[in-house]
Every structure is written in C-alpha cells, then in structure tokens.
Colleague: 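Just passing along the structure, written as structure tokens.
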Amino acid sequence: MRASYRLRVQGREHVPAKGAALVVCNHVSFMDALVLGGASPRPLRFVMDQPIFDSPWLKWWFLLVGAIPVESERRTPAGLRRTLEKVSEALRDGEVVMIFPEGRLTPDGEVHAFRRGLETMLARDNVPVVPAGLAGLWGSWASHCGGPAFKKRPRSFRAPVRLTFGAPIMAQEAEGTALRHYLQARVVELKSAGERDIARHLPAGQKHLRENNEQDG
C-alpha cells in the first residue's frame, strides 16, 4: 500500500492486543480493505457485501484473509443468518472482525447511514468496537469519484491517505442514542480529522488540484 499511497496511520494502539473486537470504518474505495488489513496490528476478518467480495481484482485476497461475504436476503433468505453466525464464530474465537457499516462504497465521498446489521451483531456479541476513519481515497480510481471504480484513468499516484483508529467503545456507552448513529458520528469525526491533517501537509498547488478532482466526482 505504501508504494501506491502516502499512508499515515494513527491510533493503532486502540486495536486490542488480544481478544475479540469489531472494527467499523467508512467505505470509500475497493482498496479500503487492503489499506486496513495492512495497517492493523492484528489480522482482520472482513465482512463485506457479496458484489464487493466478488470483485475480479481482489477476490483472491479476500479468500486468502478469510473474508465473510454478506449474501443478499432477496436471493438467499438464510444468507444474513449465515453471515451473522460466521461473525459470531469469529468473535467467540477471539478474532478481530472488520465491517463497513454503510454496506456499499460511498457515491459522493461522504459517510452514509450505517445499517442496522451492526447493532444485530453487537446484540449477539457485546465486544469492544474500534471506530476508524479513512481519508484521502475519494478521488482514487478505485472509488466512484468521477465514474464507476476502475473504469477511468488514475488521477494521481502516491496520494496522501490517512487512517485513524479511535478508542474502543462499548455498546452501553451509546445511552439514549441508536448505537449505529453513535458509531457513525465517531467515524465521521475521525475521517474529518484525517482530512484536516492531509490539508495541513499539502503544498498549495497540490491542494488546489485535489479540490478540483474531488469536485469533478
């Protein structure tokens, strides 16, 4: 990843050194899993929608790391139940499970509503949740900025990317707020912090070019 992006990672210490945990992050591009997998201090079991899992570019890697695809309930009524069972099994074995709660790549670079499946997972297994924010991948050829991912020319090489892990959160901390909304707000904060850090370190000319690329998307 460092050959393709100027990646800076903060907060690795927030990923528990042992025991089960759930990592949640915004979903910007098809490269997100590779960035997170390479940056995490522990192996991650990724949960992702079947169409992303079936990506011809990356399916080999998803199979290698034991990713868990989410089958469509419309096509396979028992699909979601099987996914939840696999997630529970991984957590009860003390693994770290990684999910993108938006359930799809962002169409506009913003963080979109987290799905209810996140709360269902945590109702089954009340483990620490580590929020994470990705910044800098919107505008890459693997994102939907400026057209479908992988179907336009790459606009930049070695672009600055920030990944920030936040402190673990337990479900009971979201008092009076839907848990998915509470976690979404934290991810938005971490993403915004990463964007500010990128802006601070960009030369003026690159900052202008980056803004133009993002507006084109």
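Nothing fancy with the numbering, it's 1 onward along the sequence. Just so you know, these numbers come straight off a predicted model, no measurement behind them.
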Colleague: Quick one: which residue pairs count as a ring-ring contact (aromatic ring centres under 6.0 Å, His included) with a foot in residues 92-111, not counting sequence neighbours?
Modeller: His27-Phe100
Colleague: Among Leu22, Val70, Val23, find the one that has a side chain to side chain contact (heavy atoms under 4.5 Å, CB included) with Ile99.
Modeller: Leu22
Colleague: Count I, L, V, M, F, W, Y as connected when their side-chain heavy atoms are under 4.5 Å apart, and connections chain through other members. Are Leu179 and Leu190 then in the same cluster?
Modeller: no
Colleague: Can you tell me how far CZ of Phe165 sits from CD of Gln10, rounded to the nearest 0.5 angstrom?
Modeller: 11.5 Å
Colleague: Do Ser40 and Val96 pass the side-chain contact (heavy atoms from CB on, under 4.5 Å) test, and can you show the C-alpha distance, the side-chain angles, and the key distance before you say yes or no?
Modeller: CA-CA 10 Å; Ser40 172; Val96 180; 5.7 Å; no
Colleague: What heavy-atom pair brings Pro101 and Val24 nearest, and what distance separates the two atoms?
Modeller: CG-CB, 3.8 Å
Colleague: Can you see which heavy atom on Leu134 is nearest to which on Val35, and at what distance?
Modeller: CD2-CG1, 4.0 Å
Colleague: Considering residues, nucleotides and ligands other than Arg42, do more than 12 of their heavy atoms fall under 6.0 Å from its CZ?
Modeller: yes
Colleague: To the nearest 0.5 Å, how far apart are OG1 in Thr120 and CZ in Arg115?
Modeller: 12.5 Å
Colleague: How far apart are the closest heavy atoms of Gly139 and Cys145, and which atoms are they?
Modeller: N-CB, 3.5 Å
Colleague: So, for Ala33 and Phe62, which heavy atoms are closest and what is the spacing to 0.1 Å?
Modeller: CB-CE2, 3.8 Å
Colleague: Please name the pair of heavy atoms, one in Asn126 and one in Gln172, separated by the smallest distance, quoted to 0.1 Å.
Modeller: ND2-OE1, 3.5 Å
Colleague: side-chain contact (heavy atoms from CB on, under 4.5 Å), that's the test. Do Arg162 and His201 meet it? Break it down for me.
Modeller: CA-CA 12 Å; Arg162 300 292 184 268; His201 291 87; 4.2 Å; yes
Colleague: Please list all pairs meeting salt bridge (Lys or Arg N to Asp or Glu O under 4.0 Å) that have one or both residues in residues 18-37, counting only residues at least two apart or in different chains.
Modeller: none
Colleague: As an exercise, state the distance from CG of Leu122 to CG of Leu183, rounded to the nearest 0.5 Å.
Modeller: 7.0 Å
Colleague: Is Met121 linked to Met170 within one hydrophobic cluster, defined over Ile, Leu, Val, Met, Phe, Trp and Tyr using a side-chain heavy-atom separation of less than 4.5 Å?
Modeller: no
Colleague: Do the charged groups of Arg92 and Asp125 touch, with an N to O distance under 4.0 Å?
Modeller: yes
Colleague: Starting at CG of Leu84, measure out to CD1 of Ile68 and round the result to the nearest 0.5 Å.
Modeller: 10.0 Å
Colleague: Salt bridge check, Glu89 against Lys86: does any charged N sit closer than 4.0 Å to a carboxylate O?
Modeller: no
Colleague: Indicate yes or no for a side-chain donor-acceptor contact from Ser140 to the backbone of Leu137 under 3.5 Å, with no hydrogens or angles considered.
Modeller: yes
Colleague: What's the verdict on salt bridge (Lys or Arg N to Asp or Glu O under 4.0 Å) for Arg82 and Glu85, showing C-alpha distance, side-chain angles and the deciding distance?
Modeller: CA-CA 5 Å; Arg82 281 198 295 267; Glu85 289 294 342; over 6 Å; no
Colleague: Examine Phe30 and Trp61 and state if one hydrophobic cluster contains both, with Ile, Leu, Val, Met, Phe, Trp and Tyr joined whenever side-chain heavy atoms are less than 4.5 Å apart.
Modeller: yes
Colleague: Enter the distance from Ser88:OG to Asp93:CG here, rounded to the nearest 0.5 Å.
Modeller: 10.5 Å
Colleague: Check whether Arg45 reaches the backbone of Gly66 with its side chain - one donor and one acceptor, N or O, closer than 3.5 Å.
Modeller: yes
Colleague: Is Glu195 salt-bridged to Lys191, cutoff N-O under 4.0 Å?
Modeller: yes
Colleague: Which pair of heavy atoms, one from Arg180 and one from Glu119, lies closest together, and at what distance?
Modeller: NH1-OE1, 2.8 Å
Colleague: What distance do His112 atom NE2 and Leu105 atom CG have between them, rounded to the nearest 0.5 Å?
Modeller: 11.0 Å
